[in-house]
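A quick write-up on the structure given underneath.
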Amino acid sequence: MDTHEITRLQNRMASHDPGEFHFREIFGPDWDRLYIGDKVRLGREFLNAVRAGYFPGIEDTGQKKGGGRVYRRIG
């Protein structure tokens with residue numbers, strides 16, 4: 001995940017309410033236009049970026065439900 005994409009996602013998350021969410025909600029409306037392989041790759045890259053600390057206040061819950069991994073925005 002390049003710095004442009006990280007910045008774009010950070011800006012989208014700034015307006016997201018605290019609580020649980022799926023990556024597709026943050027990614028945006030183009031998510032449904034992506035091929036499944038691209039969704040898997042981007043999801044993995046996002047998970048790795050969260051774990052690396054690129055998204056302060058966002059944590060991986062370690063759960064999957066509703067078609068994807070669940071993340072949580074704190075505060």
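Other residues, nucleotides and ligands contribute over 12 non-hydrogen atoms within 6.0 Å of the CZ atom of R41.
Salt bridge status for D60 with R51: present, with a side-chain N to carboxylate O gap under 4.0 Å.
Separation of atoms CZ (R8) and OG1 (T3) is listed at 13.0 Å; rounding is to 0.5 Å. Atoms OG1 and CG, from T7 and D2 in turn, are 8.5 Å apart once rounded to the nearest 0.5 Å. Here the CZ-CG distance, from R24 to D30, works out to 15.0 Å after rounding to the nearest 0.5 Å.
Applying the side-chain contact (heavy atoms from CB on, under 4.5 Å) rule to K65 yields the partners E20, V70; only residues at least two apart in sequence or on another chain are considered. By the ring pair (Phe, Tyr, Trp, His ring centres under 6.0 Å) test, F55 pairs with F46, sequence neighbours left out.
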| request: Go through the steps to decide whether Y71 and R69 satisfy the test side-chain contact (heavy atoms from CB on, under 4.5 Å), and finish with yes or no. | output: CA-CA 7 Å; Y71 296 92; R69 183 171 291 277; 3.4 Å; yes

| request: Quick one: do F21 and H16 satisfy ring-ring contact (aromatic ring centres under 6.0 Å, His included)? Show the steps, please. | output: CA-CA 9 Å; F21 65 92; H16 197 273; 5.0 Å; yes

| message | Pair I74, E59 - check side-chain contact (heavy atoms from CB on, under 4.5 Å), show working. | response | CA-CA 8 Å; I74 302 167; E59 65 181 14; 3.4 Å; yes

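In this structure, R72 and I58 have side chains that are not in contact, with every pair of non-hydrogen atoms separated by 4.5 Å or more.
Taking every heavy atom of both residues into account, K39 and D32 meet most closely at NZ-CA, 4.2 Å. Across all non-hydrogen atoms, the minimal contact from M1 to A49 is SD-CB, 4.4 Å.
Linking ILVMFWY residues whenever their side-chain heavy atoms come closer than 4.5 Å, directly or via other members, places F23 and L47 in the same cluster. Under a hydrophobic-cluster definition in which Ile, Leu, Val, Met, Phe, Trp and Tyr are linked whenever side-chain heavy atoms come within less than 4.5 Å, directly or via other members, I6 and L34 are assigned to the same cluster.
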